[in-house]
A.B. asks: 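So that we are looking at the same thing, I have put the structure below in structure tokens.
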2 protein chains.
Amino acid sequence: MTTKPSKLAISTWAQLLRTSQRFTDQVEAALKHAQLPMLGWYDILLELHRAGSDGLRQFELGEKLLLPKHNLSRRIDKLQQEGLAERYLCESDGRGNVIAITDEGKKLLAKMWPVYAAQIEVLFEENLSGAEQQQLSALLEKLSKV
Amino acid sequence: MTTKPSKLAISTWAQLLRTSQRFTDQVEAALKHAQLPMLGWYDILLELHRAGSDGLRQFELGEKLLLPKHNLSRRIDKLQQEGLAERYLCESDGRGNVIAITDEGKKLLAKMWPVYAAQIEVLFEENLSGAEQQQLSALLEKLSKV
DNA sequence: TCATTTTAGTTGCATATGCAACAATATCGA
DNA sequence: TCGATATTGTTGCATATGCAACTAAAATGA
């Protein structure tokens, strides 16, 4: 903390937060308009889909999604109730669960993606060239080194 | 929506959301550790501070912070209860309120800033040069054209 | 082996947020 | 002017989230 962050750092930081919030809001609005569940559900289902039929340990899912465990616990309850995911007892660890997506879950994912994708298209791809996207990606990559 | 967003666009988008969430989490953790209120309070107080002694209309505040009105309404209740902000009736518009920061609010802002700033320092400035920050800022600027 | 500590997950309770309905005032248009 | 509509803000209710305490099982280590 020898030098305070520069004006530039502060304003860039603020831009980053603001941009991500505006984008999120916009995607949420689009999903709601299409009468689909929130982005949070999409994120979970996508990770489960990626994990394939073996599923994922609950804590692994939490780490990927940056979600605290108690929060995740209840979201999975919901997904399970809706028949979008299944929760098994873990064979190799008596404490744990394994979560897997169902066919219903995959269907929902497939319905949500076009809506989500259209927003990425509008918000993102229209405003940055491929080269600029690559620049942005590289800069964000550096930031995630923390 | 002629072409779906490219892989690059999608992954850069994901990076953006993820980075901003990780950073926010980290700042929240630091504030909590210092027994200070959440980032949301800081944001409000900062906007009020910027607005000066004239204060701001409640809806203006909401626009700046991207907060829905009902949410803001109750946050201001809290700030008011804690003596951090004042709510006046607006003279020129009988429906409206004017919100202004109090001296207590300014003091809190001053206590929160070093904690916040230290996180920006660590998370942000250590990983990007000035030139890179400027690049990032410019790219985010383009994105906000939406 | 077996007591101690860690890890995985759930639950109760308090707080925060979203949504829709509402009240009050301002603005617009015939 | 005055009725219809839009804007500003609040509130009740449902849902979501955070926090701390809890259970149960694994890992550690003497």
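Basis for what follows: all heavy atoms, side chains included, without hydrogens, waters or symmetry-related copies.
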A.B. asks: State whether B/N71 places a side-chain N or O below 4.0 Å from either non-bridging phosphate oxygen (OP1 or OP2) of C/dC19.
C.D. replies: no
A.B. asks: Can you measure A/L56 atom CG to C/dA8 atom P for me and round it to whole angstrom units?
C.D. replies: 14 Å
A.B. asks: What is the distance, rounded to the nearest whole Å, between atom CG of B/L39 and atom P of C/dT17?
C.D. replies: 12 Å
A.B. asks: Within this structure, what is the CG-to-P distance between B/D25 and D/dT17, rounded to whole angstrom?
C.D. replies: 13 Å
A.B. asks: Quick check: does any side chain N or O of A/E125 sit under 3.5 Å from a backbone N or O of B/S6, one acting as donor and the other as acceptor?
C.D. replies: yes
A.B. asks: Pick the closest DNA chain C nucleotide for B/L67 and for A/F59 by heavy atoms, then say which residue is nearer the 5' end.
C.D. replies: A/F59
A.B. asks: When you measure from the side chain of B/S73 to the backbone of B/K69, do you find a donor-acceptor pair of N or O atoms at a distance under 3.5 Å?
C.D. replies: no
A.B. asks: Just the rounded figure in Å: distance from C1' of D/dT10 to CD of B/Q80.
C.D. replies: 13 Å
A.B. asks: Both A/S73 and B/D93 contact DNA chain C. Which one's nearest nucleotide lies toward the 5' end?
C.D. replies: A/S73
A.B. asks: Mind telling me whether B/Y42 and B/W113 have parallel, tilted or perpendicular rings, with 30° and 60° as the class edges?
C.D. replies: parallel
A.B. asks: Would you kindly compare B/G96 and A/W41 by the position of their nearest DNA chain D nucleotide and give the one closer to the 5′ end?
C.D. replies: B/G96
A.B. asks: For the residue pair B/F23 and A/W13, categorise the inter-ring angle as parallel (less than 30°), tilted (30 to 60°) or perpendicular (more than 60°).
C.D. replies: parallel
A.B. asks: Is there a side-chain contact between B/K78 and the phosphate of C/dT15, meaning an N or O under 4.0 Å from OP1 or OP2?
C.D. replies: no
A.B. asks: Compute the angle between the rotation axes at the two ends of the helix from C/dT1-D/dA30 to C/dA30-D/dT1, each taken over five pairs, rounded to 10 degrees.
C.D. replies: 20°
A.B. asks: Hey, does B/R74 reach any base, or is it just sugar-phosphate, or nothing, if we go heavy atoms under 4.0 Å?
C.D. replies: base
A.B. asks: Taking only side-chain nitrogens and oxygens of A/R75, does any of them come within less than 4.0 Å of OP1 or OP2 of D/dT15?
C.D. replies: no
A.B. asks: I need the CD1-C1' distance between B/I76 and D/dT8, as an integer number of Å.
C.D. replies: 12 Å
A.B. asks: Looking only at the side chain of A/K32 (C-beta and beyond, no hydrogens), which of the listed nucleotides C/dC19, C/dT10, C/dA8 gets closest?
C.D. replies: C/dC19
A.B. asks: Consider the side chain of A/K69, meaning its heavy atoms from C-beta on, and name the nucleotide among D/dG18, C/dT10, D/dA26 that approaches it most closely.
C.D. replies: C/dT10
A.B. asks: Below 4.5 Å, heavy atoms only, C-beta onward: do B/L61 and B/I76 meet side chain to side chain?
C.D. replies: yes
A.B. asks: Would you say B/K142 and A/E132 make side-chain contact, with heavy atoms under 4.5 Å?
C.D. replies: yes
A.B. asks: For the pair A/K64 and A/D43, find out whether any cationic side-chain nitrogen is under 4.0 Å from an anionic carboxylate oxygen.
C.D. replies: no
A.B. asks: Under a 3.5 Å cutoff, is there a donor and acceptor pairing between the side chains of A/Q15 and B/S144?
C.D. replies: no
A.B. asks: Over how many whole Å does the gap from A/R87 atom CZ to C/dG9 atom P extend?
C.D. replies: 9 Å
A.B. asks: Assign each of A/G94 and B/E63 to its nearest nucleotide of DNA chain D by heavy atoms, then name whichever residue's nucleotide is nearer the 5' end.
C.D. replies: B/E63
A.B. asks: What's the NE2-P distance between B/H70 and D/dT7, to the nearest Å?
C.D. replies: 18 Å
A.B. asks: Please report the distance, rounded to the nearest Å, between CD in B/E28 and C1' in C/dT15.
C.D. replies: 14 Å
A.B. asks: Would you mind telling me which of C/dA20, D/dG18, D/dG9 lies closest to the side-chain atoms of B/R57?
C.D. replies: D/dG9
